[in-house]
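Take a look at the structure below.
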Amino acid sequence: MSQDMFDRLAEAVIKGEIADAGVLAKAALEIGLDPLQCIAEGLTKGIQKAGELFASGEYFLPELIIGADAMKAALDILEPALVGDQVREVAGTIVLGTVEGDLHEIGKNLVGTMLTANGFKVIDIGVDKSASEFIDAVEDARAGIVGASALLTTTMLQQKRLVEALEEAGLRDTVRVMIGGAPVTESFCREIGADGYAEDAISAVDIAFRLIDAPAQQTTS
Ligand code: B1M
């Protein structure tokens, strides 16, 4: 029953069926499925498949865009169910964004949702943000952590730029840097001197809790 629903959610993303994706997400919640499992076992598998079809030349950009839109339609319904409505003490403030030159936002949004669901105040500055835009937001919010997402092998270098810019701004000792995104690795995190790497949205929460209490150091999922 649940596997069938996960498969149907994945299929809606692969085929770019935006309305169906929303309807299925609502139905999944109504029958009591775990929204996180619907995202991990259904939607994420679907968008990964669309990415593979794109890489192999079977899909073109419009199919990828429409697949992402279907995923977002379902996430609009599932994500509020992850956050719930309980009032919590704020665990810490995090500025979150996707780096300059990069428009991928689905993973970043999911990370933001999971952090919010676990008591963090998340300032989401959006996509295609330069190091100085991250820094302005960190200063405005007096954030303890800055989280930078990158999905392209070309734009992950902007995460390095962010670490350097924090150093130049004299903020490196007070702000922890968490990085993530499909091409990013733990060793890249070490190489650029960031403080923590998270592989997915769930481990991002764990890393954020460790970073909020920790002095500058390597923390990985
Ligand atoms: Co793009 N794209 N895309 N794309 N896209 C990839 C990344 C690619 C691998 C596809 C492929 O070829 N197989 C490839 C990159 C190749 C490379 O760099 N080596 C690629 C390409 C080439 C491109 C374009 C250049 C295509 C073109 O124009 N010719 C273009 C670039 C645009 C730009 O950014 N300047 C482009 C555009 C797009 C769309 C706009 C169509 C769309 C994005 C829509 C949107 O976000 N609104 C899109 C999509 C959907 C993808 C794939 C298929 C899926 C990405 C996604 O949303 N995954 C992707 C293939 C893939 O990743 N398998 C691909 C689901 C999401 C839940 O996972 O984002 O990995 P993910 O996030 C995870 C973790 O990575 C982690 O937690 C998240 C949740 O578990 N995480 C963090 C992410 N950020 C984190 C931050 C953290 C911690 C953890 O701390 C701060």
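For ligands, and for the atoms within them, numbers begin at 1 and follow the listed sequence.
If you check which protein heavy atom lies closest to atom 27 (C) of ligand 1, you get L61 CD1, 3.9 Å. What sits closest to atom 80 (O) of ligand 1 on the protein, heavy atoms only, is A201 N, 3.2 Å. What sits closest to atom 89 (C) of ligand 1 on the protein, heavy atoms only, is A198 O, 3.3 Å. With respect to atom 74 (C) of ligand 1, the closest heavy atom belonging to the protein is E199 O, 3.4 Å. Of all protein heavy atoms, the one lying nearest to atom 44 (C) of ligand 1 is A68 CB, 3.6 Å. Among protein heavy atoms, atom 90 (O) of ligand 1 sits closest to M178 CG, 3.6 Å. Distance from atom 81 (N) of ligand 1 to its nearest protein heavy atom, with residue and atom name: G181 N, 3.5 Å. Scanning the protein heavy atoms around atom 52 (C) of ligand 1, the nearest turns out to be I47 CG1, 4.5 Å.
Legend: salt bridge (Lys or Arg N to Asp or Glu O under 4.0 Å) pairs involving residues 17-30, not counting sequence neighbours: none detected. Each salt bridge (Lys or Arg N to Asp or Glu O under 4.0 Å) pair with one or both residues in residues 92-110, not counting sequence neighbours, appears once here: K72-E105, K108-D124. Residue pairs meeting the side chain to side chain donor-acceptor pair (under 3.5 Å) criterion with at least one member in residues 33-49, sequence neighbours excluded, are E41-K45.
Selection from G196, A194, P183, G180 by nearest heavy atom to atom 86 (C) of ligand 1 gives G180. Of the candidates A182, G107, G147, G107 brings a heavy atom nearest to atom 67 (C) of ligand 1. Considering only non-hydrogen atoms, atom 33 (C) of ligand 1 lies nearest to L103 out of L103, I39, I207.
Heavy atoms of K72 approach ligand 1 to within less than 4.0 angstrom. Using a 4.0 angstrom heavy-atom cutoff, A148 counts as in contact with ligand 1.
The pair D195-R172 meets the salt-bridge criterion, with a side-chain N (NZ, NE, NH1 or NH2) lying under 4.0 Å from an Asp/Glu carboxylate O.
For the pair E105 and ligand 1, the shortest N or O to N or O distance falls below 3.5 Å. Between I65 and ligand 1, no pair of N/O atoms sits closer than 3.5 Å. Every N/O-N/O distance between L96 and ligand 1 stays at or above 3.5 Å. Between S149 and ligand 1, at least one pair of N/O atoms sits closer than 3.5 Å. Among the atoms of T153, some N or O lies under 3.5 angstrom from an N or O of ligand 1.
Proximity of L75 to L43: side-chain heavy atoms (C-beta onward) are separated by under 4.5 Å at one or more points.
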Exercise for the section: Using the salt bridge (Lys or Arg N to Asp or Glu O under 4.0 Å) rule, take E164 and R161 through it: C-alpha gap first, then chi angles, then the decisive distance, then the call. Expected result: CA-CA 5 Å; E164 290 165 355; R161 176 68 205 121; 3.5 Å; yes
Exercise for the section: Just do the side chain to side chain contact (heavy atoms under 4.5 Å, CB included) check on I135 and L166 with the steps written out, would you? Expected result: CA-CA 7 Å; I135 288 177; L166 282 163; 3.9 Å; yes
Practice task
I would like to know whether H104 and V127 meet side chain to side chain contact (heavy atoms under 4.5 Å, CB included); could you show each step before the answer?
Solution key: CA-CA 7 Å; H104 296 85; V127 298; over 6 Å; no
Exercise for the section: Let me see the working for Y197 and V184 under side chain to side chain contact (heavy atoms under 4.5 Å, CB included), right down to the final yes or no. Expected result: CA-CA 8 Å; Y197 157 72; V184 180; 3.7 Å; yes
Problem - Working for side chain to side chain contact (heavy atoms under 4.5 Å, CB included), residues L110 and I39 - result: CA-CA 9 Å; L110 208 47; I39 294 169; 3.6 Å; yes
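In this structure, L61 and F54 approach most closely via the heavy-atom pair N-CE1, 3.8 Å. Here the closest non-hydrogen pair linking A150 and V99 is CB-CG2, 3.8 Å.
Listed by number with element, the atoms of ligand 1 under 4.0 Å from a non-hydrogen atom of I106 are 46 (O), 57 (O). Numbered from 1 in the order shown, with element, the atoms of ligand 1 that lie under 4.0 Å from a heavy atom of A55 read 12 (O), 13 (N). Heavy-atom proximity to D200, at under 4.0 Å, picks out these atoms of ligand 1: 76 (C), 77 (O), 80 (O). Of all the atoms in ligand 1, the ones that sit under 4.0 Å from a non-hydrogen atom of D102 are 34 (O).
Shown here, atom 59 (C) of ligand 1 is out of close reach of the protein: none of its heavy atoms lies under 4.0 Å off. For atom 24 (C) of ligand 1, the protein comes within 4.0 Å by no heavy atom at all. Distances from atom 39 (C) of ligand 1 to the protein include no heavy-atom value under 4.0 Å. Protein non-hydrogen atoms do not reach within 4.0 Å of atom 9 (C) of ligand 1. There is a protein heavy atom closer than 4.0 angstrom to atom 65 (C) of ligand 1.
Atoms CE and CG, from M71 and L78 in turn, are 9.5 Å apart once rounded to the nearest 0.5 Å. Rounded to the nearest 0.5 Å, atoms SG (C189) and CD1 (I179) are 4.5 Å apart. Rounded to the nearest 0.5 Å, atoms CZ (R142) and CD1 (I123) are 13.0 Å apart.
Take a cut-off of 2.8 Å around atom 1 (Co) of ligand 1: the protein N, O or S atoms inside it are H104 NE2.
Between the side chains of S203 and D206, no donor-acceptor pair is found at a separation under 3.5 Å. In the model, S130 has a side-chain atom that pairs as donor or acceptor with a side-chain atom of E133 under 3.5 Å.
Between the side chain of E63 and the main chain of I14, no donor-acceptor pair closer than 3.5 Å is present.
In this structure, L53 is not a member of the same hydrophobic cluster as I18, with clusters built from ILVMFWY side-chain heavy atoms closer than 4.5 Å.
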